[in-house]
Amino acid sequence: MADKEFKIIKKSGEINEYDEYDLLESPANVALKRITHKSIICVGLWIEYLTKDKDGHEIECISIQDANTGESYSGQSKTFRDSFSNIVDRVKRMKPVPENFFIEVLHNTSKSGREFINCALVSPDRALKRLGI
């Protein structure tokens, strides 16, 4: 079996080989669409990347590692990726820039009945309270 190919588009910073494997290739990686509605992720490391599906078509994906649990989540939802990118831009403008930030995973249904996932930035106070910390 040939190794999968990955082309990193953007990433959170320096990522070591172990974390790169965890974010891109680990079978323990959980699909974002399988996360319960309104779940909180403390975003630590993340990567946006290109890979190929089983038919050889290029797809854009995102993987996020929870800084608290070490769990990694991935998906290809454009809506989720666009919202996440906007959140990252906002977080980068914060003074001081936080090392980690919290997002809430949202499941929605379009007017045509199609289910999709999205995400929203959550304040640390609200996130920690919801996590029981």
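Model, not experiment: these values are computed from the prediction.
- Ion pairing between a basic and an acidic side chain is recognised when a charged N comes within 4.0 Å of a carboxylate O; Arg130 and Glu104 show such pairing.
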Check the pair Ser63 / Tyr49 against side chain to side chain contact (heavy atoms under 4.5 Å, CB included), numbers first and verdict last. CA-CA 8 Å; Ser63 287; Tyr49 61 97; 3.5 Å; yes

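- A 4.5 Å side-chain heavy-atom check between Gln65 and Asp22 finds at least one atom pair inside the cut-off.
- The backbone N or O of Thr79 sits less than 3.5 Å from a side-chain atom of Ser83, completing a donor-acceptor pair.
- The backbone N or O of Leu106 sits nowhere less than 3.5 Å from a side-chain atom of His37 that would complete a donor-acceptor pair.
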Given Lys10 and Trp46, is the side chain to side chain contact (heavy atoms under 4.5 Å, CB included) satisfied, shown in steps? CA-CA 8 Å; Lys10 293 186 230 176; Trp46 57 268; 3.8 Å; yes

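- Contact of the Ile35 side chain with the Leu32 side chain is registered, since non-hydrogen atoms from C-beta on lie closer than 4.5 Å.
- The shortest distance between side-chain heavy atoms of Tyr73 and Ile41 falls below 4.5 Å.
- Proximity of a side-chain donor or acceptor of Ser39 to a complementary backbone N or O of Val105 within less than 3.5 Å is not detected.
- The shortest side-chain heavy-atom distance between Glu48 and Lys11 does not fall under the 4.5 Å cut-off.
- Here the rule is side chain to side chain contact (heavy atoms under 4.5 Å, CB included) with Ile47, and of Asp19, Ile9, Ile15 only Ile15 fits it.
- Taking 4.0 Å as the cut-off between side-chain N and carboxylate O, Asp89 and Arg93 do not count as a salt-bridged pair.
- Side-chain atoms of Asp53 come within 3.5 Å of backbone N or O of His57 as a donor-acceptor pair.
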